[in-house]
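In each ligand, atom 1 is the first atom listed, and ligand 1 is the first ligand listed.
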Amino acid sequence: MKEISRRGFAGSLLAGAVGAALDTSSLRTAVKTESVTAGRAAISARWQPHLPGIWKAQIGVPEQSTPVSLRAIGPSQDKLASMHSVSAPPLMDVEGCSTTRGVEIMLPLAAGELVYGFGLQMYSVMHRGSKKTLRVNADPKGDSGDAHAPVPFYVTTHGYGVLIDTARYASFSCGSTRLHKNHRAQDEPAAYTEAPPLAQFDEAATMRVEIPNAKGVDIYLFAGPTMREAVERYNLFSGGGVNPPEWGLGFWYRCYLNSNTEQLLALAREFRDRKIPCDVLGLEPGWQTHAYACSFLWDPKKFSNPPAMVSSLKQMDYQLNLWEHAYTHATAPNYHALEPYSGDYEVFGGLVPDFNIPQARRIFGDHQSSAFLDLGISGFKLDECDNSDYTGGWAFPEFSRFPSGLDGEQMHSVFGLRYQDVILEAFNRANRPTYGLVRSSGALAAPYPFVLYSDLYDHRVFIRAVINSGFTGLLFCPEVRDAESVEDLIRRMQSVVFSPLAMVNGWYVQNPPWKQVHASWETFHEREQNPGNFDEGWEKVEAQCREVLGWRMQLVPYLRASFAKYASHGTPPFRALIMDWPNDPNLALVEDEYLVGDRMLVAPVFAKQTSREVVLPRGAWCDYWTGEAVEGGRKFKVQTPLDRIPVYVKSGSVFAVAEPGASARSPESRRLTVRVYGDGSIPFVIREQGKTAMEISWNNQTGKGSFSPGKPSGAPYTIVDWKKMGS
Ligand code: GAL
């Protein structure tokens with residue numbers, strides 16, 4: 001199958017090498033890479049058809065353990081086959097070479113071609129002209145490529161994506177290198193003049209990828225023809241996007257870490273009494289007898305009767321989520337059974353199970369099932385799986401060895417995903433859905449019901465992470481903890497409700513943040529120690545938060561529609577504007593606006609902003625709140641009073657909003673008001689398992705809603721009102 005040819009110095013990417021059978025007219029990025037291998041022995045590989053619209057090339061001898069070889073979920077072959085076919089690979093042959101450092105790959109970048117992706121990057125969205133070294137790290141403090149969830153996949157504005165199938169800390173020089181012999185005097189930028197941001201990419205360049213410690217690598221190429229379709233193909237290759245249970249789309253609250261049963265139930269009742277919608281409560285480390293490392297045993301002093309507690313929560317329609325990490329303490333019931341299947345270094349004095357080994361997955365998962373799933377726990381927050389190198393050795397070293405043959409570097413790249421596998425397999429065995437949190441992930445993550453989060457807390461960084469997550473099949477929660485001011489709290493709440501998981505993480509505050517907002521407390525330890533004196537006027541802040549949480553509850557049907565499309569088509573429910581308008585240079589660098597689903601654009605506001613610039617893609621839009629028509633294809637300034645953030649929907653949208661209730665499955669949430677924006681020509685559709693479960697349309701002053709019996713899953717919806725917006 002594979003065809004690898006060895007060429008001498010400076011082999012080039014010539015069309016003839018592709019073969020006469022291919023339609024070379026579609027080789028749109030047929031530019032020559034910089035004098036390809038600079039004196040090293042070059043290896044050239046042809047793209048071989050792999051799956052519809054996906055090609056594979058092999059350079060050298062790939063390693064055994066890679067994201068693709070270790071994957072637990074296969075590609076969605078049927079769905080890939082139903083995408084429109086592409087006859088030829090969108091790139092010319094790929095060049096590489098083997099060095100004492102590892103393997104290098106050279107791929108072309110055309111003039112003006114912009115690069116996106118690489119996982120949960122937090123400091124830039126567009127990567128052309130920069131270098132990213134993809135290392136899993138819990139403290140990504142700069143724009144180096146370090147990330148909770150780095151992914152060796154990039155996609156370009158020329159409508160294709162590339163996955164380098166490696167678990168190594170690969171580095172990508174995205175047109176940022178320049179070979180000495182290519183240098184010409186006129187390439188020098190004029191001294192001290194500022195180039196327009198994108199003009200510097202007006203020349204062809206090379207994407208150089210270096211994979212350390214490897215003798216070869218497989219490369220996968222995903223055709224578009226559009227940028228969004230390339231991402232969709234990558235997501236379907238990963239197994240299709242996740243479709244979370246409905247309760248996962250409501251509001252989540254994680255309780256103070258030392259909460260006990262009484263405090264948890266008191267909070268649960270308080271939310272119901274005070275009409276704070278909430279679906280999921282989370283317990284933080286204090287629920288266990290030993291948390292760093294984990295014993296996976298309830299602390300009997302705080303939780304004397306977990307079954308009774310879970311059942312009280314169920315009666316109030318709450319799900320319960322448990323914090324944990326994988327490092328297993330000597331008192332854990334499965335410690336000895338796991339020992340032979342663990343790495344040779346400890347973390348927090350606990351075992352690091354090797355989840356690449358089925359026995360380890362089963363031993364770990366069985367305890368989760370019998371101790372927690374059987375009790376009715378709805379999911380887990382999988383903490384600390386992201387190489388906390390800078391937190392005082394909270395990680396296994398790169399030179400660790402694991403029984404499956406992986407070293408520590410490779411294990412870091414897949415640890416988060418394999419941990420997700422263990423939990424997902426346990427829920428699959430119980431035939432129950434889950435939706436949870438995880439602090440590390442990687443390549444091929446789209447089908448996993450886990451949302452990433454971070455201990456970094458900058459609001460803008462969080463929004464960038466939401467935007468970037470959509471290029472590589474990830475989801476990110478810009479969680480709210482405490483805040484510098486009421487304004488900061490409200491602004492963060494307004495963002496998190498337009499995200500994949502709407503959560504307040506109160507793990508170090510004894511009361512919900514709307515009761516305690518103190519700019520004067522410098523550290524979270526000061527906040528944690530506060531016994532619970534509420535701020536004066538907290539009810540007003542609570543009312544503001546209740547209002548914003550209501551927006552979330554209204555949005556649940558739309559989020560269901562958006563996630564259903566993620567599952568069926570691989571379309572990321574949260575994504576950058578550039579993905580849908582790759583030819584619009586005004587959108588190339590946007591880091592503070594994003595799309596939700598197929599018709600909504602959200603422009604978050606940050607504390608201290610009284611106005612902001614909005615860039616609206618071309619087309620006709622409407623203000624989501626008022627229905628007022630807004631012309632796209634331009635930038636403009638909007639005032640940003642504290643009670644709103646700019647949100648727009650495509651003109652023509654039919655938009656079903658639910659009545660806010662106590663939870664996403666409450667009777668209220670079944671009552672829909674249908675908003676009609678513009679001419680109402682874009683129906684509101686939820687498709688589940690290949691069938692239309694709900695379709696609401698508007699035609700000349702008349703609305704029509706059809707719901708398949710029993711669909712979408714859950715109690716049936718009714719339409720209680722139609723609102724022609726803006727009139
Ligand atoms: C951190 C985590 C926080 C919280 C805390 C508890 O690692 O990111 O969300 O769970 O641990 O110790």
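Electrostatic pairing of D146 and R135 counts as a salt bridge here, judged by a charged N lying under 4.0 Å from a carboxylate O. Taking 4.0 Å as the cut-off between side-chain N and carboxylate O, E484 and R492 do not count as a salt-bridged pair. Looking at D488 and R491, no side-chain N of the basic residue comes within less than 4.0 Å of a carboxylate O on the acidic one, giving no salt bridge. Taking a cutoff of 4.0 Å between a charged side-chain nitrogen and a carboxylate oxygen, D407 and R168 qualify as a salt bridge.
Residue-level proximity to ligand 1 for E384 is carried by the side chain, the only part with a heavy atom below 4.0 angstrom.
Side-chain contact check for I276 versus W514: some heavy-atom pair is nearer than 4.5 Å.
Each of the atoms 3 (C), 4 (C), 5 (C), 6 (C), 9 (O), 12 (O) of ligand 1 lies under 4.0 Å from some heavy atom of W507. Near W323, the atoms of ligand 1 lying under 4.0 angstrom from a non-hydrogen atom of the residue are 10 (O). Listed by number with element, the atoms of ligand 1 under 4.0 angstrom from any heavy atom of N505 are 9 (O). Those atoms of ligand 1 that come under 4.0 Å of a heavy atom in R481, given as number and element, are 3 (C), 8 (O), 9 (O). For ligand 1 and P285, the ligand atoms under 4.0 Å from any heavy atom of the residue are 6 (C), 12 (O). For ligand 1, the atoms sitting less than 4.0 Å from at least one non-hydrogen atom of D455 are 1 (C), 2 (C), 3 (C), 7 (O), 8 (O), numbered in the order shown with element in parentheses.
Seen from the ring of Y419, R361 does not count as a face-on cation partner, given the 6.0 Å and 45° thresholds.
Nearest protein heavy-atom neighbour of atom 12 (O) of ligand 1: Y292 OH, 2.8 Å. The protein non-hydrogen atom at the shortest distance from atom 11 (O) of ligand 1 is D383 OD2, 3.0 Å. Scanning the protein heavy atoms around atom 4 (C) of ligand 1, the nearest turns out to be E284 OE1, 3.1 Å.
Exactly one of F303, F372, W507 qualifies for a ring-ring contact (aromatic ring centres under 6.0 Å, His included) with W287. That residue is F372.
By the 4.0 Å heavy-atom criterion, L257 is excluded from the residues contacting ligand 1. Heavy atoms of K381 come nearer than 4.0 angstrom to ligand 1 in at least one pair. Not close to ligand 1: H148, with no non-hydrogen atom less than 4.0 angstrom away. Within the structure, ligand 1 has Y453 among the residues with a heavy atom less than 4.0 angstrom away.
Every N/O-N/O distance between E479 and ligand 1 stays at or above 3.5 Å.
Checked against the 6.0 Å centroid criterion, the rings of F396 and F402 qualify as a close aromatic pair. Checked against a 6.0 Å centroid threshold, the rings of F380 and W323 do not count as neighbours.
Counting all heavy atoms, side chain and backbone alike, P572 lies closest to V231 at CG-CG1, 3.8 Å.
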